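The next block holds one structure in the form of structure tokens; read it before the comments.
Chain letters run A, B, ... following the sequence lines, proteins first and then strands; every chain starts at 1. Below, each value reflects all heavy atoms present in this structure, side chains not excepted, and no hydrogens, waters or symmetry copies. Small disclaimer: the values here were computed from a predicted structure and weren't measured.
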Number of protein chains: 2
Amino acid sequence: MTISKPPIGSNAERSRSSNRQAVLGCIQSAGEMGRAALARSFGLSTQAVSNIIAELEADGLLIERGVRALGRGQPAMQYSVNPKGGYALGIEVRPDAVFMAILDLSGKEVSSQRSVLKSLEPRKVVAQVQKLRAEMLQKSGIEPDRVLGAGVVMPGPFGQTGLSGNSSDLPGWQSIDVARLFSEALGLAVELSNDANAAAMAERIGGAAHGLSNYAYIYFGAGLGLGLVNQGQLVAGAYGNAGEIGQIPIFTPDGPMPLEARLSRISVQRRLANKGALDVAALGALMASEDADLLAWLDDACAALSQAVMIIENLFDPETIILGGAMPGSILDFMVSNVDLPVLSVGNREDKTLPRLQRGAAGRMTATLGAASLVLNRAFTPQAAVL
Amino acid sequence: MTISKPPIGSNAERSRSSNRQAVLGCIQSAGEMGRAALARSFGLSTQAVSNIIAELEADGLLIERGVRALGRGQPAMQYSVNPKGGYALGIEVRPDAVFMAILDLSGKEVSSQRSVLKSLEPRKVVAQVQKLRAEMLQKSGIEPDRVLGAGVVMPGPFGQTGLSGNSSDLPGWQSIDVARLFSEALGLAVELSNDANAAAMAERIGGAAHGLSNYAYIYFGAGLGLGLVNQGQLVAGAYGNAGEIGQIPIFTPDGPMPLEARLSRISVQRRLANKGALDVAALGALMASEDADLLAWLDDACAALSQAVMIIENLFDPETIILGGAMPGSILDFMVSNVDLPVLSVGNREDKTLPRLQRGAAGRMTATLGAASLVLNRAFTPQAAVL
DNA sequence: TTGAATGCTCAAGTGAATTGAGTTAATGCT
DNA sequence: AGCATTAACTCAATTCACTTGAGCATTCAA
């Protein structure tokens, strides 16, 4: 889902670029590190790491954090990522509005905004995004050339599939090269992804999956999505549509139905139709008041979630499964503590140090922040060559 | 599941090694290629490719195939992989026997053998494997240092999981470092995997998935396994147990049950218990005679498979799903043509050029050949750096 | 106090890529 | 037929980024 595949062959310059990314990524996930420790963890010489660090420091991407004595020998100068060294743009396009967020290199939100769409026509949307970017950069006092790239999140699935035609699809966007469109308009490298994948990446940059390389993320959006991270990279599938978990059939007392029919905002909205339109805040209020209808829905939702966990664990064997998205944290927490974790699963291991199911970031902006995280993840990860 | 993680940092030597693998892999999947074409597809200079080719030719891994004129300009000298340039060892350890196969670089089977296990104790098994290797290499006239590595296939899942304790587990093998054990005994790089993953890789080297990078493989072994290939690499999961598809619940008229209960050799054996022990050949004979009980089982199996396809497609969005393993080809073919392909799936695309479901290699040795294919795949794929 | 361990720098050396000029061998145009 | 064009390839020089080895600084432990 990147603009153009990176070249496969390796040469001196590409080595350096890859090593730079590895150094940055290692420091980011460890918090702070010294040259020698970095050299050891990469199989590079200290001298090589020294050169790379000098370069990164000159570029403003790293800052000195003082020396730390860790035992015998000369204490090591520690470095950490300079939050102000670079910024990532997150763009979420929805049928009604665009959301934009700016993250700094540490993954902290610098600014975020929502802009109602006047037209859904791609050119007009892009123009609106350009304007929004200019405003936000100016307001935050960020130099445009400090922006590393943009992540774009759109409702999937991409291309004409058996799941197309949902209400969440963007009309007129199915057959265009969205990544190229944004990349040319913004003059930035663009990563395109669906909401669940983006949210999954957000957890890796600064959330519950910090430092993890294999995990799954169940995302509550319009429907239900799944973000899969394998070896630190998103599993996108052949056409970028992996993770459409909402359609998989689950077993209920009323017969088989799609997971989404029991576990999604649409399903809770339908069940609690008499309570009007429920946004995240309203659901949180109902949860706080221990609303009986909501609790009844939660029972069913947990039963469905249990089956989803079983399928995900047995197919992927992740280190953990994270629950997040447009749901109040209290509801996610309830699910995490009330789901029956399946016994007949490869996820059921005695030596597991992480919980099998845990809560991630919740809220309306999760996917937008995730979009920006795609960019950060790329900045921190050496690009793998793919044939 | 390799012995030791490759170093992350890149330097000149590692660049060369990675470029060598890329060149080999590209030639292997294209059949034959010239220097200039290779250089273009990698983003390397012709000179660099020239040097690499000279080295590979000197090592006996490539052979000249004469010049081909493809238009204007000087015709290009084509190279292809020398089948006799290297060999891969495949080892499948089962509760009753070890299977061993040798593949040449082109993926062709050179030799294969079965040896009944006298003892399941790891040290004794390894000793038996060592002896078997010596015999087979000698009989085939292969110099030992032409062997690139060994792939080892064992019944999963690995480690103590909620699925442990199956009859297919190897007692006494759960808590040892199997890869190290074989690697030290054989003096070879060893890749460890379960049967489904290995079989999936076999299809990539020379079978139905030749040249594909994203596909899924449903494997009929003792139970049912799933091999997932993402970006040309197996998805192993955090603990190497991804793809345990047999346990996922599916919907049947008799209620929910594990997929394996409807779609596996065990299930057909149970349904046709009155016909005695059924090996692959016996099942093939029943299929040829259009046995009514077998056809009834197939109906149920296809219904189950349809659900599995839906889950796999929606979670992974593969280019294709391949069916293979210890089942007669005729039964696999029947399934491929009789399964109801789910409509509500991201796999249901109009622009798909590959069939959504197709048949792969069938037979008793599939996993053993797959084990050797793991080695070939590594020889042909630049190793990705993983943090 | 002394020696071992550890972090780091400087300067020289090395491996593998790129660059640019030049050769060879096809096709296409006049 | 002759010549320009295109493409594949080689040789030699250069460049890039990493490694190596010598040497210094700082800390801990005996």
Side-chain angles (χ1 to χ4, degrees), chain A residues 6-24 26-27 30 32-59 62 64-80 382 385, chain B residues 6-24 26-27 30 32-59 62 64-79 382-383 385:
Chain A
I8 292 162
S10 176
N11 60 19
E13 274 170 48
R14 298 203 270 262
S15 281
R16 167 69 80 138
S17 149
S18 153
N19 288 344
R20 262 178 72 123
Q21 290 177 314
V23 166
L24 261 184
C26 200
I27 292 177
E32 57 177 56
M33 277 185 103
R35 289 169 234 259
L38 284 163
R40 274 191 301 267
S41 69
F42 293 148
L44 289 182
S45 60
T46 21
Q47 184 56 58
V49 172
S50 258
N51 295 338
I52 291 166
I53 283 187
E55 208 178 271
L56 289 171
E57 208 184 351
D59 289 354
L62 286 184
E64 288 194 354
R65 303 281 278 172
V67 292
R68 294 272 183 294
L70 299 142
R72 253 213 264 223
Q74 174 173 327
M77 172 62 76
Q78 302 297 111
Y79 289 85
S80 61
Chain B
I8 290 160
S10 176
N11 59 19
E13 276 172 48
R14 299 202 272 261
S15 280
R16 166 72 84 154
S17 147
S18 151
N19 289 345
R20 264 178 70 125
Q21 290 178 313
V23 166
L24 262 183
C26 201
I27 293 177
E32 58 177 55
M33 276 184 105
R35 289 169 237 258
L38 284 163
R40 275 191 300 267
S41 68
F42 293 148
L44 287 183
S45 60
T46 15
Q47 184 56 56
V49 172
S50 258
N51 295 338
I52 292 167
I53 282 188
E55 207 179 273
L56 289 171
E57 208 186 349
D59 289 354
L62 286 184
E64 289 192 355
R65 303 282 278 174
V67 293
R68 294 274 183 290
L70 299 142
R72 270 222 257 213
Q74 175 172 327
M77 172 63 75
Q78 304 297 112
Y79 289 86
Q383 299 311 299

* What's the shortest heavy-atom distance between A/P382 and A/Q21, and which atoms? -> CA-OE1, 3.5 Å
* What pairs meet the salt bridge (Lys or Arg N to Asp or Glu O under 4.0 Å) rule with one or both residues in residues 35-52 of chain A, with sequence neighbours excluded? -> none
* Can you name the residues that form a side chain to side chain donor-acceptor pair (under 3.5 Å) with A/R68, not counting sequence neighbours? -> A/E32
* Would you kindly say whether B/S15 and A/S15 are connected by a side-chain donor-acceptor distance under 3.5 Å? => yes
* Would you mind telling me which residue lines up with the more 5' stretch of DNA chain D, B/S50 or A/E13, judged by nearest nucleotide? => B/S50
* Any side-chain N or O of A/R35 less than 4.0 Å from the OP1 or OP2 oxygen of C/dT6? -> no
* In whole angstroms, how far is the C1' atom of D/dA17 from the CD1 atom of A/I52? -> 9 Å
* Taking atom C1' of D/dC18 as reference, at what distance in whole Å does atom CD of A/E55 sit? -> 13 Å
* Pick base, sugar-phosphate or nothing for B/A36, based on heavy-atom distances below 4.0 Å to the nucleic acid. => sugar-phosphate
* Would you say the side chain of A/M33 lies within less than 4.5 Å of the side chain of A/Y79, judging by non-hydrogen atoms? -> no
* To do: Starting from the 5' end of DNA chain D, give me the residue, A/R16 or B/M77, whose nearest nucleotide shows up first.
  => B/M77
* **Nearest non-hydrogen partners of B/M77 and B/R65, listed with the distance** => SD-N, 4.4 Å
* **Length of the line joining B/N51:CG and D/dC9:C1', which is rounded to integer Å** => 12 Å
Between side-chain atoms of residues 46-53 of chain A and protein atoms elsewhere (two or more places apart, or another chain), which donor-acceptor pairs fall under 3.5 Å?
unit_1, atom_1, unit_2, atom_2, d
A/Q47, NE2, A/N51, OD1, 3.1

* **Flag, side chain of A/N19 to backbone of B/G9, donor-acceptor distance under 3.5 Å** => no
* To do: Measure from the side chain of A/A12, starting at C-beta and using heavy atoms only, and say which of D/dC18, C/dG7, D/dA17 lies closest.
  => D/dA17
* Asked: Phosphate oxygens OP1/OP2 of D/dA8: is one of them under 4.0 Å from a side-chain N or O of B/R40?
  -> yes
* What's the CZ-C1' distance between A/R68 and C/dC8, to the nearest Å? -> 17 Å
* Contact summary for A/I8 and B/A22, nearest pair of heavy atoms -> CG2-CB, 3.8 Å
* Whole angstrom is fine here: how far is it from CZ in B/R20 over to C1' in C/dA17? => 16 Å
* To do: Mind calculating the distance between CG (A/L70) and P (C/dG7) to the nearest angstrom?
  => 8 Å
* **Dot-bracket encoding of pairs in DNA chain D, which uses [ ] for pseudoknotted crossings and | for another strand, Watson-Crick or G-U under 3.5 angstrom** => ||||||||||||||||||||||||||||||
* If only side-chain N and O atoms of B/N11 are considered, is one of them under 4.0 Å from the OP1 or OP2 phosphate oxygen of D/dT19? -> yes
* Asked: Distance check: side-chain N/O of A/N19 vs OP1/OP2 of D/dC18, anything under 4.0 Å?
  -> yes
* To do: Quick one: label B/L44 by what it contacts on the DNA or RNA (base, sugar-phosphate, nothing), any heavy atom closer than 4.0 Å.
  => sugar-phosphate
* To the nearest Å, give me how far apart CZ (B/R14) and P (D/dA17) are. => 16 Å
* Could you tell me which residues satisfy salt bridge (Lys or Arg N to Asp or Glu O under 4.0 Å) with B/R20, sequence neighbours excluded, listed by chain and number? => B/E55, B/D59
* Asked: Going 5' to 3' along nucleotides 20-30 of chain D, which nucleotides have protein heavy atoms under 4.0 Å from the base (write B), which only from the sugar-phosphate (write S), and which from neither (write -)?
  -> B----BBBBS-
* Round to a whole Å and report the spacing from CD1 of A/I53 to C1' of D/dA17. => 16 Å
